[in-house]
Structures are given as C-alpha cells and as structure tokens.
**Student:** 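Before we start, here is the structure in question, set down as structure tokens.
Just so it is clear, the model here is predicted, and its values are computed rather than measured. Reckoned from all heavy atoms, side chains included, excluding hydrogens, waters and symmetry mates.
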Amino acid sequence: MKNFDSLMVSRLGPVIAGLAVGILAPVLVLLGNPGNMGICVACFERDIAGALGFHRAAAVQYIRPEIIGLILGAFGSALAFKEFKPRAGSAPAVRFLLGIFASIGALIFLGCPWRAYLRLAGGDFNALYGIAGLFVGILIGIYFISSNYNLGRAYPAPGEAKLSGLMMPLFALGLLALLLIAPKLGAEGTGPIFFSEKGPGSMHAPWYVSLAVMLLVGWLAQRSRFCTIGALRDLVLARDGYLFWGIVALLVAAFGMNFVLGSFKSGFAGQPVAHTDSLWNFLGMVLSGLCFTLAGGCPGRQLVMAGEGDGDAAVFVFGMIAGAAVAHNFGLASSGAGIGAHAPTAFVIGMIFCLCVGFVMRRKA
C-alpha cells in the first residue's frame, strides 16, 4: 500500500488516475449509464438538481452515486493521509457565480471536460469543437493568471469551525440516504425526490457499482491531483506535462475500452446525448473553460477539493448545481436537437461576468 501511494504522488499518479477514468467510464456505460457518459460531473450534478426538484426537466432527474463517490473517496484519502484541511474565505460569492456559469456553458455543450474527452474516445467528433473551446477558455484564463489575477487566499478554519470542512462529505452522505430511501412526502406520494422514468436520467448502472467505482476514482484523483484544467494550464504556463499525461492516458484507455466493448461509433450525427451545432459546442466550452480556470480547477477537481475540506470548492460545486437548475428552468440547456432558446444570451452574460472578474480581481505587482 505504501509503495502504491508513493507511485500515486509521483509523476505517474495522474497517468494512473487517467487510466482508471478511461477504463471504468465505458464499463459504467455498459452497465447502464448513458452513452459516452460513464462519468460526467456537470451532467450528473444536473441530474441531482433535478432529483431534488430544483428543475423539472423530467428526463434528467436522478441522484447520481458517482458524485457521492467522488466526494467521499477524496474525503477518505485526505483523512488517511492527513490532508483533510478545512479552509475557506477566497471570494465565495464570485466562486458561486463562476460555478453557475460553468454549468451553463457545460450544458450548452452537453458535458464537462471529463465527458468531452470520453465523448471523443467514443467516436463523437462533435467533442473536438468542445475541446477546442475548452482550450481557448483556458488560454483566456491563463492571460488573467499571468496578469496577477487572484481571488485571494483561503484561510484555515479555526479550531471551533473545523467542522465546516465536513459539510460536503455530510452532504454527500445525505444524498446517498435520499437515493436509497427515496422518500415520498408530497401530495399523493410525489417528491421531494424525483427519478426519471425515461431519458438520460433513467439510464444508470447499479448504484453500488457506480459508488464503488467513484470511491476509487476519488481516492486516486485526490492522491494524484488529477485535473483536466490544471493539465492544460500547467502545460502552457510552466511547460510542465505532469498533469497533461493524465488526459492522454484517459483518452487512450477510454478509446481502447470502447473498441473492446463494441461501443465505439465514429461520426457527428446520431451520437448519444449530443448535438451537432459546432459553433455552440465550441462557445459553450469556451465559457466553461474560462470559469474553471478562474476558479482553479475542473469540476472533478473541485469535488475532490471539497472532499478535502475546501469550503470555497464546495461553494463552486453548489454553484454548478444551481447553474444546472437555472439552465433547465430558463431554457439554456441543450438537447440532442440543439441548443436552448436563450443559450446565446446566457453565454454573453457569462462571458461579460468572467471577463469582469478576470480584469477586476488582479493584484498590483
């Protein structure tokens, strides 16, 4: 165990985490998850928002155990290796709004960065536009970082407030309880937890398999610092490919698994939970990539940091859940038929907000 952990904190750590995601995500699809969506943080947070009644898009309502497992896996790893450090205080309101717009951008594209790579590995060439947009968004964020952009430091929680670091793991346990109990407390046995009867929300692997897979992924991601946004940021800023090789490993492993399982289908049309509007696949991920860079990590990394006790990352996660509700309640989210009616307006507002944050939150040298 000690030798394996030494490997995980070495430069091979992100490669191992990427291999795990690339191998296990197609397995989850085989066991019931939607196509090319074995793991998608943005999509699964959207499903959770729907299950909690924050939006009423009936096709995307389910408490995804993958999100629960990612948080609890990171929490267990952080505890085991004495890296659980409750902290907060770095522009929480800004981070919440960044989470909202990151979710809106991801739901215009229909996927988070993890799913963008998994879609490509499954043969969905629409993902190429999304990945290009993600890179452009990260480059804009890098411009601000190189211009002394900073949201301020997070402060360790004082002794009497260290319980604040447990809020996200406790939230995850609460979600697990709601998933298993599925209480019906509303009129005529409805709600407050809703589960899709058709559509992507009704498609899922057995909950215990999804939970176990993501407990492992959460553990590996916490130890290796696996991050799809940090990978490209560090490659450009520091010419350091330490995290980038994790993306390469994810792509190679997922492509191989899809090929072996017979789930690789190349092309643009007819891809699962995807649309073919190349411009908005690109622009949606420009917005998301910028939001993730300004917030300091991809949505998977944010969940991992929240599991480690980072209250600012938890605020960003809650922002993404709120953003998913906003996207579906206000006609911003895409579907297989194309983008939402009001997505362009939301994109413009989101970009204006992000650019203002980038320019304003800069420290003088």
**Student:** Would you please name every residue forming a side-chain contact (heavy atoms from CB on, under 4.5 Å) with A121, sequence neighbours left out?
**Tutor:**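 Listed in chain order: L251, A254, F255, N258.
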**Student:** Pairs in or reaching into residues 105-135: which pass ring-ring contact (aromatic ring centres under 6.0 Å, His included), with residues at least two apart or in two chains?
**Tutor:**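 Listed by first then second residue: W114-F226, F125-F268.
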**Student:** Scan for salt bridge (Lys or Arg N to Asp or Glu O under 4.0 Å) pairs involving residues 10-36, sequence neighbours excluded, and state none if there are none.
**Tutor:**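 Counting only pairs at least two positions apart or across chains, the salt bridge (Lys or Arg N to Asp or Glu O under 4.0 Å) contacts touching residues 10-36 are R11-D240.
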**Student:** Which pair of heavy atoms, one from I247 and one from L232, lies closest together, and at what distance?
**Tutor:**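 Smallest interatomic distance, heavy atoms only, reads CD1-CG, 4.5 Å.
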**Student:** If you look only at pairs with a residue in residues 211-231, which of them pass as a salt bridge (Lys or Arg N to Asp or Glu O under 4.0 Å), with sequence neighbours excluded?
**Tutor:**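 Every salt bridge (Lys or Arg N to Asp or Glu O under 4.0 Å) pair that includes a residue of residues 211-231, provided the two are not neighbours, is D5-R223, E83-R223, E83-R225.
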**Student:** Nearest 0.5 Å, what's the CD1-CD1 distance between I229 and I138?
**Tutor:**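 It comes to 3.5 Å.
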**Student:** The criterion is side-chain contact (heavy atoms from CB on, under 4.5 Å); which residues satisfy it with I145, sequence neighbours excluded?
**Tutor:**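 Per chain and number, I145 pairs via side-chain contact (heavy atoms from CB on, under 4.5 Å) with Y149, R233, L237, T293.
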**Student:** Only counting residues at least two apart or in another chain, list the ones meeting side-chain contact (heavy atoms from CB on, under 4.5 Å) with L79.
**Tutor:**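 Counting only residues at least two positions away or on another chain, L79 forms a side-chain contact (heavy atoms from CB on, under 4.5 Å) with F75, F84.
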**Student:** Of all heavy-atom pairs between A102 and F292, which one has the smallest distance, and what is that distance?
**Tutor:**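 Scanning both residues completely, I find the closest heavy atoms to be CB-CE2, 3.6 Å.
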**Student:** Determine, for E308 against R87, whether the closest basic-nitrogen to carboxylate-oxygen distance falls under 4.0 angstrom.
**Tutor:**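 So E308 pairs with R87 through a salt bridge.
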**Student:** If you look only at pairs with a residue in residues 40-60, which of them pass as a ring-ring contact (aromatic ring centres under 6.0 Å, His included), with sequence neighbours excluded?
**Tutor:**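 Counting only pairs at least two positions apart or across chains, the ring-ring contact (aromatic ring centres under 6.0 Å, His included) contacts touching residues 40-60 are H55-H328.
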**Student:** Mind checking ring pair (Phe, Tyr, Trp, His ring centres under 6.0 Å) for F359 and listing every partner two or more places apart, or none if nothing turns up?
**Tutor:**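 Testing F359 for ring pair (Phe, Tyr, Trp, His ring centres under 6.0 Å), a comparison that skips the adjacent residues, returns F144.
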**Student:** Does A91 offer a backbone N or O that forms a donor-acceptor pair with the side chain of D312 under 3.5 Å?
**Tutor:**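 Not confirmed, D312 side chain does not pair with A91 backbone.
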**Student:** Considering residues at least two apart in sequence or located in another chain, which fulfil the ring pair (Phe, Tyr, Trp, His ring centres under 6.0 Å) criterion with F171?
**Tutor:**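 With neighbours one apart ignored, the set is F318.
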**Student:** Of all residues at least two apart in sequence or in a different chain, which pass the ring pair (Phe, Tyr, Trp, His ring centres under 6.0 Å) check with F259?
**Tutor:**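 Residues passing ring pair (Phe, Tyr, Trp, His ring centres under 6.0 Å) with F259: none at all.
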**Student:** In terms of heavy-atom contacts, does CZ of F330 have more than 12 from other residues, nucleotides or ligands at under 6.0 Å?
**Tutor:**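 Incorrect, the count does not exceed 12.
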**Student:** Would you please name every residue forming a ring pair (Phe, Tyr, Trp, His ring centres under 6.0 Å) with Y208, sequence neighbours left out?
**Tutor:**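 Y208 satisfies ring pair (Phe, Tyr, Trp, His ring centres under 6.0 Å) with no residue once adjacent residues are dropped.
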**Student:** Checking the side chain of T228 only, and the main-chain atoms of C298 only, is there a donor and an acceptor separated by less than 3.5 Å?
**Tutor:**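 No; judged by distance alone, with no hydrogens or angles, the pair does not exist.
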**Student:** So, does H275 use its side chain to make a donor-acceptor pair with the main chain of I108 at under 3.5 Å?
**Tutor:**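 It does hold such a pair.
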**Student:** Indicate every side-chain donor-acceptor pair of residues 14-35 with a distance under 3.5 Å to a residue at least two apart or in another chain.
**Tutor:**
unit_1 : atom_1 : unit_2 : atom_2 : d
N33    : OD1    : A205   : N      : 2.9
N33    : ND2    : G38    : O      : 3.0
N33    : ND2    : E66    : OE2    : 3.0

**Student:** Is a side-chain N or O of D124 found less than 3.5 angstrom from the main chain of L120, in a donor-acceptor match?
**Tutor:**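 Pair absent, no side-chain N/O of D124 close to backbone of L120.
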**Student:** With no hydrogens and no angle check, is any side-chain donor or acceptor of S196 less than 3.5 Å from a backbone partner on Q61?
**Tutor:**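 Checking the backbone N and O of Q61 against the side chain of S196, a donor-acceptor pair under 3.5 Å is found.
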